[in-house]
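Nothing fancy with the numbering, it's 1 onward along the sequence. These figures come from a predicted structure and were not determined experimentally. The basis for the numbers below is simple: all heavy atoms, side chains too, and nothing from hydrogens, waters or symmetry mates. Remember, it's 1-based here, ligands and their atoms both numbered in the order they're listed.
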Amino acid sequence: MIALDGVTRHFTSRDGGLVRAIEDIDLQIGEHELVSLVGPSGCGKSTLLRLIAGLLPLTRGQVRIDGQAVTAPRVDTGMVFQSPTLLPWATIEENLLFPLRMLHRPVTAAARAQARELLALVGLGGFETRVPSELSGGMQQRAAICRALMHDPSVLLMDEPFGALDALTREEMSLELLRLRRERPKTIVFVTHSISEAVLLSDRVVVLSARPGRVQEIIPVALSYPRRFGMESHHDFQHCAQRIRALIFGDRLAAAE
Ligand code: ADP
Ligand code: MG
């Protein structure tokens, strides 16, 4: 479904130096698979997601979705950023319809019905005519996820979508994502800095190394579905989480034990 071939992106820093953000990433993600990207801060997770989204040109290599090279944003790809990025003056429903307006598509009754259906799905039924400031951070992020789902994209890219939320809302949102995934299966690439979130949600976890970001190891998560929070005490869960921690912290962790 998504194929990364030798994906490389360099930047020029302000002082003119070369920043090798990510290098030679090869990765295949299957249809309806949920893959998490984890790794130290600055290892290129957001860059990689933006490359898959077609928001950023590659230095080298290729990204393909359904066999087609990605060179620009695709209508069948939805993106969710760390902060909800809603238009503050527009109602929640209008925020969901905004991408359509951007594409100069007609805002049909069917589109409005779709917006309402999605909002109901994530527990925001009745909030359609509110503006973002009337909603909590978690509710705003749910609305931003709905906006990304408006076209019913086959690919969903999520960059630390729950990162700014408090721990309880975060857990609630994780369950919401698992439920959404059951009801509308999608291919999802999920960036997180939470190891337990990555293990709980994913089919596979890709651990990236520090700059330049490369694939260090890919860890399959053998836990059964439906996933539940109680699974954190499960042996398979602990095993995956420990392996990821060891890869990220390496000798520093070993020294602390
Ligand atoms: P992560 O999301 O894993 O924290 P990023 O993908 O945001 O990492 O950044 C990876 C590296 O690339 C960092 O060193 C960052 O400073 C650099 N970088 C990202 N975007 C730019 C840019 N537009 N210009 C220069 N450097 C950038
Ligand atoms: Mg980032």
Quiz item: Is the shortest distance from atom 16 (O) of ligand 1 to a protein heavy atom below 4.0 Å?
Solution: no
Practice problem: Output, in order, the C-alpha distance, side-chain angles, deciding distance and verdict of side-chain contact (heavy atoms from CB on, under 4.5 Å) for V122 and C146. | Solution: CA-CA 8 Å; V122 301; C146 290; 3.5 Å; yes
Quiz item: Does the side-chain contact (heavy atoms from CB on, under 4.5 Å) test come out yes or no for L58 and T8, once each step is laid out?
Solution: CA-CA 6 Å; L58 289 96; T8 299; over 6 Å; no
Exercise. Please report the number of protein N, O or S atoms that lie less than 2.8 Å from the Mg ion (ligand 2).
Key: 1
Quiz item: What protein heavy atom is closest to atom 9 (O) of ligand 1, reported as residue, atom name and distance in Å?
Solution: T47 OG1, 3.8 Å
Quiz item: Any N/O of G44 closer than 3.5 Å to an N/O of ligand 1?
Solution: yes
Quiz item: Out of A21, P212, G42, whose heavy atom sits nearest atom 4 (O) of ligand 1?
Solution: G42
Exercise. Identify whether the distance between the nearest side-chain nitrogen and carboxylate oxygen of R112 and E128 falls below 4.0 Å.
Key: no
Self-check item: Nearest-contact summary for atom 7 (O) of ligand 1 - protein heavy atom, Å
Solution: S46 CB, 3.8 Å
Exercise. Could you walk me through whether R105 and V75 pass the side-chain contact (heavy atoms from CB on, under 4.5 Å) test, one step at a time?
Key: CA-CA 12 Å; R105 301 266 182 88; V75 175; 4.1 Å; yes
Quiz item: If we only count heavy atoms from C-beta on, is the P57 to R9 side-chain gap below 4.5 Å?
Solution: yes
Exercise. Name the option, out of R50, R211, K45, that contains the heavy atom nearest to atom 3 (O) of ligand 1.
Key: K45
Quiz item: More than 12 heavy atoms of other residues, nucleotides or ligands under 6.0 Å from CZ of R228: is that the case?
Solution: no
Quiz prompt | For atom 22 (C) of ligand 1, the protein heavy atom that lies nearest, with its residue and separation | solution = F11 CD2, 3.4 Å
Quiz prompt | D159/K45 ion pair, N-O < 4.0 Å | solution = no
Quiz item: If you measure from OG on S83 to CG on L165, what distance do you get to the nearest 0.5 Å?
Solution: 10.5 Å
Quiz item: Would you find more than 12 non-hydrogen atoms of other residues, nucleotides or ligands less than 6.0 Å from H239 atom NE2?
Solution: no
